[in-house]
Amino acid sequence: MIALADCNNFYASCERAFNPKLRNKPIVVLSNNDGCVIARSSEAKKYIPMGAPAFKYKNEFKRYEINVYSANFTLYGDISGRVMRIMHSYVQDMEIYSIDEAFLNLKGFRQPVDHCKKMRAEVLKATGVPVSIGIAPTKTLAKLCNHYAKDHKETGGVFKWSDLEDKEGYLKQLPVEEIWNVGRRSTVKLNINGIYNAYQLMNANESWIRNEFSITGLRTISELKEIPCFKLEQNGDPRKGITSSRSFGRAVTDLTNLEEAVATYISRAWEKLMEQKSACSHVYVSIVTNRHKDTPQYYNSITIPLTISTWYLPELIDAALKGLRQIYKKGYSYKKATTMLLGIYQRGDVNLSLIEPDYDFKRINSLMNAIEKINKKDGSESIKYASTGIKQIWREKKEMKSPRYTTSWNELLTVN
DNA sequence: TCTGGGGTCCTAGGACCC
DNA sequence: TCTGGGGTCCTAGGACCC
């Protein structure tokens with residue numbers, strides 16, 4: 001038996017947890033740069049669609065007195081950690097699937113619903129975040145039960161597949177696009193072939209599904225039939241690629257500013273590389289103009305191999321800038337840069353290069369550890385490389401950010 | 001005129017997720 | 001004026017090997 005626990009309107013719930021005035025009030029949270037809506041409280045869902053560009057909905061924000069926040073990922077990440085720790089104290093085995101979701105292994109529990117209700121109550125009390133829980137034999141069905149729990153108040157936030165009386169009826173009224181791993185593309189293809197609901201999908205021809213939707217499609221229909229195909233994954237595996245990308249606060253045309261941004265993004269990616277104690281062998285850079293604008297468009301990317309797998313930041317920045325200069329073209333207004341660290345290895349597995357026998361891993365390691373430590377203590381970018389720039393005119397805008405209540409001494413909640 | 005069979009690794013692109 | 005960011009997995013095709 002597997003449970004999927006999913007925080008309700010997570011980012012909005014985080015904002016609300018520290019601000020009682022927001023209770024029962026509509027809230028939306030905006031993406032970086034205050035670009036589009038990435039979370040809505042239930043009160044806001046009526047008025048604002050998911051992903052809505054913020055500037056197009058200024059009037060609605062005002063008219064319905066919606067509380068608008070810039071994303072505060074430091075806060076959300078910290079709250080997520082607290083929620084996950086509590087849930088982990090209720091089960092041995094758990095897979096953190098995203099910032100606000102986890103699959104729990106409920107094997108062996110006699111009263112899984114009661115157990116989850118207890119867990120749910122503790123999470124709510126300790127963090128203020130409401131969680132919905134779906135329990136089923138497979139991940140796909142647990143996802144569906146989770147939706148069911150969210151949509152039906154009388155469940156108390158916890159719902160089990162085997163308690164559903166008319167399963168066939170339920171699946172027949174469930175559009176295929178609501179099934180986990182059935183996205184936009186597949187929905188169109190399924191609809192063209194006369195498959196509209198979960199029941200039809202479950203009974204579709206398996207070899208046709210295999211051909212059209214690959215092994216993932218086949219697994220999905222098995223999971224609907226209560227045959228588990230997606231296992232509980234182990235957390236803690238190092239990431240296979242680390243991305244840092246950001247839109248600019250304003251368009252950037254000159255190379256110097258792009259260089260600052262790329263050096264800054266690489267530094268962010270390097271922080272994550274350090275956290276998982278890895279080395280990387282390739283650095284990727286791309287730059288792109290604003291596709292929403294009626295101006296000349298340009299996109300290019302490049303992957304630079306490093307002579308030796310490393311976690312030495314100056315070398316990563318160096319490679320990225322080298323790549324950037326190769327793809328940069330004058331005369332365009334750039335909107336966004338993306339950087340990635342690829343070819344990620346655990347440091348123990350790194351081959352000591354025969355080409356550079358003098359590479360001093362000991363020295364760079366202590367230097368990198370020192371920078372990491374200081375930045376952890378005194379804040380990111382306390383120590384940084386000069387190539388990341390001082391003025392940073394390309395920085396994103398965040399005009400409506402809430403305080404980092406739980407991770408910054410200067411921003412603690414004040415109680416009067 | 002004739003031109004195998006079986007395998008691995010890498011990459012790009014597509015689709016999906018939150 | 002203003003339209004997010006960070007991941008995973010699968011597949012097909014090319015390069016290369018014996």
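All chains are named by letter (A, B, ...) in the order of the sequence lines, taking the proteins before the strands, and each is independently numbered beginning at 1. Below, each value reflects all heavy atoms present in this structure, side chains not excepted, and no hydrogens, waters or symmetry copies.
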Report task. Examine C/dG7: is either OP1 or OP2 under 4.0 Å from a nitrogen or oxygen in the side chain of A/T243? Give yes or no. Result -> yes
Query raised in the report: Just checking A/R246: base, sugar-phosphate only, or nothing, at a heavy-atom cut-off of under 4.0 Å?
Result: sugar-phosphate
Query raised in the report: A/K143 has a side chain; which of C/dT11, B/dC16, B/dC18 sits nearest to it?
Result: B/dC18
Report task. Remember a base hit wins even if backbone is also touched, and classify A/G51 as base, sugar-phosphate or nothing at under 4.0 Å, heavy atoms. Result -> nothing
Report task. Could you check how far CG of A/D294 sits from C1' of C/dT1, rounded to whole Å? Result -> 16 Å
Query raised in the report: With sugar-phosphate meaning primed atoms plus P, OP1 and OP2, does A/T338 contact a base, only sugar-phosphate, or nothing at under 4.0 Å between heavy atoms?
Result: nothing
Report summary line: On DNA chain C, more 5' by nearest nucleotide between A/K56 and A/S245 is A/K56
Query raised in the report: Are the side chain of A/K336 and the backbone of A/F248 linked by a donor-acceptor contact shorter than 3.5 Å?
Result: no
Requested in this report: Could you check whether A/K272 gets within reach of a base, just the sugar-phosphate, or nothing at all, counting any heavy atom under 4.0 Å?
Outcome: sugar-phosphate
Query raised in the report: Which part of the nucleic acid, if any, lies within reach of A/N33 when heavy atoms closer than 4.0 Å are counted: base, sugar-phosphate only, or nothing?
Result: nothing
Query raised in the report: Do you know which of A/Y405, A/Y76, A/Y69 makes side-chain hydrogen bond (donor to acceptor under 3.5 Å, both in side chains) with A/E15?
Result: A/Y76
Report task. Round to a whole Å and report the spacing from CD1 of A/I96 to P of B/dC18. Result -> 16 Å
**Report entry** Check: A/T295 main-chain N/O paired with A/Q297 side-chain donor or acceptor under 3.5 Å
**Finding:** yes
**Report entry** Minimum-distance nucleotide (side-chain atoms of A/S214 versus C/dT11, B/dA15, C/dG4)
**Finding:** C/dT11
Query raised in the report: Which listed nucleotide (C/dC10, B/dC18, C/dG7) is nearest to the side chain of A/E101?
Result: B/dC18
Report task. Please report, rounded to the nearest Å, how far the P atom of C/dG5 is from the NZ atom of A/K398. Result -> 10 Å
Report task. Find the distance A/W394:CH2 to C/dC2:C1' and express it as a whole number of Å. Result -> 19 Å
Query raised in the report: Checking A/N67 side chain against A/P26 main chain: does a donor-acceptor pair fall under 3.5 Å?
Result: yes
Query raised in the report: Which is true for A/S186 with a 4.0 Å heavy-atom rule: it touches a base, it touches only sugar-phosphate, or it touches nothing?
Result: sugar-phosphate
Report summary line: Testing C/dG5, C/dG4, B/dC17 for proximity to the side chain of A/I38, the answer is C/dG4
Query - Among C/dT3, B/dC17, C/dT8, the nucleotide that comes nearest once only the side chain of A/N290 is considered - result: C/dT3
Requested in this report: May I ask you to verify if any side-chain N or O of A/R210 is less than 4.0 angstrom from the OP1 or OP2 atom of C/dT11?
Outcome: yes
Query raised in the report: Out of C/dC2, C/dG5, C/dT8, which has the shortest distance to the side chain of A/S247?
Result: C/dG5
Report task. Could you tell me whether A/F213 contacts a base, only the sugar-phosphate backbone, or nothing, with contacts defined as non-hydrogen atoms closer than 4.0 Å? Result -> nothing
Query raised in the report: When all nucleic acid strands are considered with a 4.0 Å heavy-atom cut-off, which category describes A/K293: base, sugar-phosphate, or nothing?
Result: sugar-phosphate
Query raised in the report: Is A/D100 touching bases, backbone alone, or none of the nucleic acid, heavy atoms closer than 4.0 Å?
Result: sugar-phosphate
Report task. Rounded to the nearest angstrom, tell me the gap between atom CD1 in A/I344 and atom C1' in C/dG7. Result -> 12 Å
Report task. Tell me the partner of C/dC18, counting only Watson-Crick (N1-N3 plus N6-O4 or O6-N4) or G-U wobble (N1-O2 and O6-N3) with both under 3.5 Å; none if nothing fits. Result -> B/dG5
Requested in this report: Mind calculating the distance between CD (A/E95) and C1' (C/dC9) to the nearest angstrom?
Outcome: 13 Å
Query raised in the report: If you draw a 6.0 Å radius around CZ in A/R250, do more than 12 non-hydrogen atoms from other residues or ligands fall strictly inside?
Result: no
**Report entry** Spacing of A/E275 atom CD relative to C/dG7 atom P, expressed in whole Å
**Finding:** 11 Å
Query raised in the report: Are a donor atom and an acceptor atom from the side chains of A/S98 and A/D100 found within less than 3.5 Å of each other?
Result: yes
Requested in this report: Would you mind reading off the distance between A/I48 atom CD1 and C/dT3 atom P, rounded to a whole angstrom?
Outcome: 17 Å
Requested in this report: Nearest-nucleotide wise, let me know which of A/R291 and A/P238 is further upstream toward the 5' end of DNA chain C.
Outcome: A/R291
Requested in this report: Ignoring the backbone of A/I242, work out which of C/dG5, C/dG7, B/dC18 is nearest its side chain.
Outcome: C/dG7
Query raised in the report: Side chains of A/N9 and A/S41: donor-acceptor distance under 3.5 Å anywhere?
Result: no
Report task. Output yes when at least one side-chain N/O atom of A/K335 is less than 4.0 Å from OP1 or OP2 of C/dG4, else no. Result -> no
Report summary line: Side-chain contact check for A/R239: nearest option of C/dG7, C/dC2, B/dC17 is C/dG7
Query - Qualifying residue, where the test is side-chain contact (heavy atoms from CB on, under 4.5 Å) with A/H292 and the options are A/N290, A/D294, A/T289 - result: A/N290
Query raised in the report: Which part of the nucleic acid, if any, lies within contact of A/K336, taking any heavy atom under 4.0 Å across all strands shown: a base, the sugar-phosphate backbone alone, or nothing?
Result: sugar-phosphate
Requested in this report: Choose from C/dC9, B/dC17, C/dG5 the nucleotide whose nearest atom is closest to any side-chain atom of A/K240.
Outcome: C/dC9
Query raised in the report: Across the strands shown, which category fits A/R219 at heavy-atom distances under 4.0 angstrom: base, sugar-phosphate, nothing?
Result: sugar-phosphate
Query raised in the report: Choosing from C/dT11, C/dG4, C/dT3, which nucleotide comes nearest the side chain of A/P53?
Result: C/dT3
Report task. Would you mind classifying the nucleic acid contact of A/L218 as base, sugar-phosphate or nothing, using non-hydrogen atoms under 4.0 angstrom? Result -> nothing
